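These numbers were taken from a predicted model, which means no experiment stands behind them. Quick note: numbers below take in every heavy atom, side chains included, and nothing from hydrogens, waters or symmetry partners. Each chain gets a letter, A, B and so on, in the order its sequence line appears, and its residues count up from 1.
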Amino acid sequence: MTLTLHNTLTGHKAPFVPLDPTCITLYVCGPTVYNYVHIGNARPVVAFDVLFRLLQRLYPKVIYARNITDIDDKIMKAASDAGEPISAITDRFSAAFAEDMQALHALTPTIVPHATDHVDDMIAMIETLISKGHAYEAEGHVLFAVESMPDYGKLSKRSLDDMLAGARVEVAPYKRYAGDFVLWKPSSEDQPGWDSPWGRGRPGWHIECSAMIGRHLGPVIDIHGGGQDLIFPHHENEIAQGCCAHGTEYVRYWLHNGYINIDGEKMSKSLGNFRLVRELLKRYPGEVLRFALLTAQYRSPLNFSEELLEQAASTLDSLYYALLGRDAAIVPEQGYVLPDDHPLIRALCDDLNTPEAISVLHRIAGALNRAAPEDKPRLKAELLAAGQMMGLLNAEPSSWFQRDDAGEGALSADAIDALIMARRDAKKAKDFARADAIRAELDAAGITLEDTREGTRWSRK
RNA sequence: GGCGCGGUGGCAGAGUGGUUAUGCAGCGGACUGCAACUCCGUAAACGCCGGUUCGAUUCCGACCCGCGCCUCCA
């Protein structure tokens, strides 16, 4: 099965041809850890987690790196506001990020490099850039000279003139050219800093990714992903650094996910209209959030709303119902593996067409619901395997419906079981009025009952 | 101003030069003591105007509307 990916560099979809088919390299920009992450930050994590799973299915080895940016002026401000060292802030929020992403069923990347562990690599890369004439020192800063790179702007498809025409920032006086960007900047005594050939200072925004990619994945990698807002300047500048330092290509396929919108507007920290993953997790299982993120293809904008989450929840319920079975529990066939040309793999191979993949899940679930008993084990195994490719259907079906997320004042499982026994006795005695009263009582408490041949099942609404 | 993306049924969201996904919600039916789940059936869409074509939601052009980026941002 050929994987096809939309490459921002070329602007169209093309078959994925790896540098080395025995080992795929994937890098995704991770968070700057000074706050809890919002659902918009989670989108690339989930989208590229699906890509990671798919690549692992298609190739023998995949090295996936997702960084933690733990030095940055925003972190410094947060630390200063809280009266704590930056490490207290970055430790807390990188741990929170890991927890949140685990709750979304994102696999842990092969490597999670931290910027502050790679300052030496960054300094070495900056020295290389200076020695090759692509960077210069000025007033304690080191700047990348964009004019030294003929095809600068090829990712964002902008010429230098266009960029400067629309510039809305003041140009620092020490820049030779207005478009030059910072590789290294000086730190004052009270600011975090590292010794360098240019004095005590700290790295600029873009150099960490280039340095960590060089260190862990090599000078040229297969795939680099991130949000669309990183195309310029972040990824454009990464290309400049990587290509000029190594004298090679830097990234072969650039993938960018679309934004999450709230009421038609981009969700962002600066607009203040964000929804924290941590808050959403108090109200919805992580799998519901994950499913909601996968309902749109990753490059499309995704409008985020309560309705979207409710739809995701009820759709997952129906898939889990299929796994649960109507009567006898279904034991999935052991050792089932999705074939290479399975519709789900075909859908994901088409630039991660997750909506199409979800429709495949529905087709399998429908077949499972209709199937004769002897066919059910294979179909259940197929549905589970298909779900796993997308990081979905991770829960045991019965626990999915009986999950204890109802909060304070909710009925305990024991209390529910006692009422179900009472109702069973009433039904045996043909006292349907009493049976219905118990159903109504449980319904008011948010519990739905279902009578099956195997007995009564309950689930929380 | 420059560059780019998009407008699909009540909602979400794929896709296609003709037979027009999928899900949620709706409607009818089967099943059920009643329900729920499930199954069967059903209705409903391609921003506007031209062009190409036997045929356009799909290709081309103009227009309208919305959104994004242009050194904080997933």
> Think A/R275 forms a cation-pi with A/F304, using NZ or CZ under 6.0 Å from the six-ring centre and within 45 degrees of its axis?
Replying inline: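 Verdict for A/F304: no cation-pi partner in A/R275.
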> Is the Lys NZ or Arg CZ of A/R176 less than 6.0 Å from the centre of A/Y136's six-membered ring, within 45° of the axis?
Replying inline: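 Yes, A/R176 and A/Y136 form such a contact.
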>> Check whether A/N7 reaches the backbone of A/W254 with its side chain - one donor and one acceptor, N or O, closer than 3.5 Å.
In response: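 Yes; judged by distance alone, with no hydrogens or angles, the pair exists.
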>> Treating A/R53 as the side-chain partner and A/Q388 as the backbone partner, does any N or O pair qualify as donor plus acceptor under 3.5 Å?
In response: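 Between the backbone of A/Q388 and the side chain of A/R53 there is a qualifying donor-acceptor contact (under 3.5 Å).
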Contact class for [X] (heavy atom, under 4.0 Å): base, sugar-phosphate, or nothing?
| X | value |
| --- | --- |
| A/D451 | base |
| A/S268 | base |
| A/E307 | sugar-phosphate |
| A/N353 | sugar-phosphate |
| A/L449 | base |
| A/N257 | base |
| A/T452 | nothing |
| A/R439 | base |
| A/I260 | base |
| A/G226 | sugar-phosphate |
| A/G366 | sugar-phosphate |
| A/H38 | base |
| A/K427 | base |
| A/R66 | nothing |

With a 3.5 Å limit on both atom pairs, tell me what [N] is paired to, counting Watson-Crick and G-U wobble, or say none.
| N | answer |
| --- | --- |
| B/rA62 | none |
| B/rG9 | none |
| B/rG17 | none |
| B/rU53 | none |
| B/rG68 | B/rC3 |
| B/rC31 | none |

Rounding to an integer number of Å, can you tell me how far [X] [atom1] sits from [N] [atom2]?
| X | N | atom1 | atom2 | result |
| --- | --- | --- | --- | --- |
| A/H141 | B/rU71 | NE2 | P | 18 Å |
| A/K428 | B/rG33 | NZ | C1' | 16 Å |
| A/L323 | B/rU38 | CG | C1' | 14 Å |

Would you state whether a donor and an acceptor, one from the side chain of [X] and one from the base of [N], lie under 3.5 Å apart?
| X | N | answer |
| --- | --- | --- |
| A/Q228 | B/rC69 | no |
| A/R158 | B/rC69 | yes |
| A/K266 | B/rC73 | yes |

For [X] and [N], is the shortest distance between a side-chain N/O and OP1 or OP2 below 4.0 Å?
| X | N | result |
| --- | --- | --- |
| A/W205 | B/rC73 | yes |
| A/R299 | B/rG6 | no |
| A/T456 | B/rA36 | no |

> Do NZ/NE/NH1/NH2 and the carboxylate oxygens of A/D436 and A/R423 come within less than 4.0 Å?
Replying inline: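 Looking at A/D436 and A/R423, the cut-off is not met.
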>> Closer than 4.0 angstrom, basic N to acidic O: yes or no for A/D151 and A/K154?
In response: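 Yes.
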I want to verify a distance call: between [options], whose nearest atom is closest to the [X] side chain?
| X | options | answer |
| --- | --- | --- |
| A/Q311 | B/rG23, B/rU38, B/rA74 | B/rG23 |
| A/K74 | B/rG33, B/rC73, B/rG68 | B/rC73 |
| A/N369 | B/rC34, B/rC39, B/rC37 | B/rC39 |
| A/F232 | B/rA12, B/rC70, B/rA21 | B/rC70 |
| A/R370 | B/rC39, B/rA21, B/rA35 | B/rC39 |

> Between A/S318 and A/A296, which is nearer to the 5' end of RNA chain B once each is assigned its nearest nucleotide?
Replying inline: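 That would be A/A296.
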> Closest nucleotide of RNA chain B for A/L302 versus for A/D436: which of these residues is on the 5' side?
Replying inline: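 Result of the comparison: A/L302.
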> Crowded around A/R92 CZ? As in, over 12 foreign heavy atoms under 6.0 Å?
Replying inline: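 Yes.
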> Would a line drawn from the ring center of A/H216 to the ring center of A/H118 be shorter than 6.0 Å?
Replying inline: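 Aromatic pair counts; centres sit under 6.0 Å.
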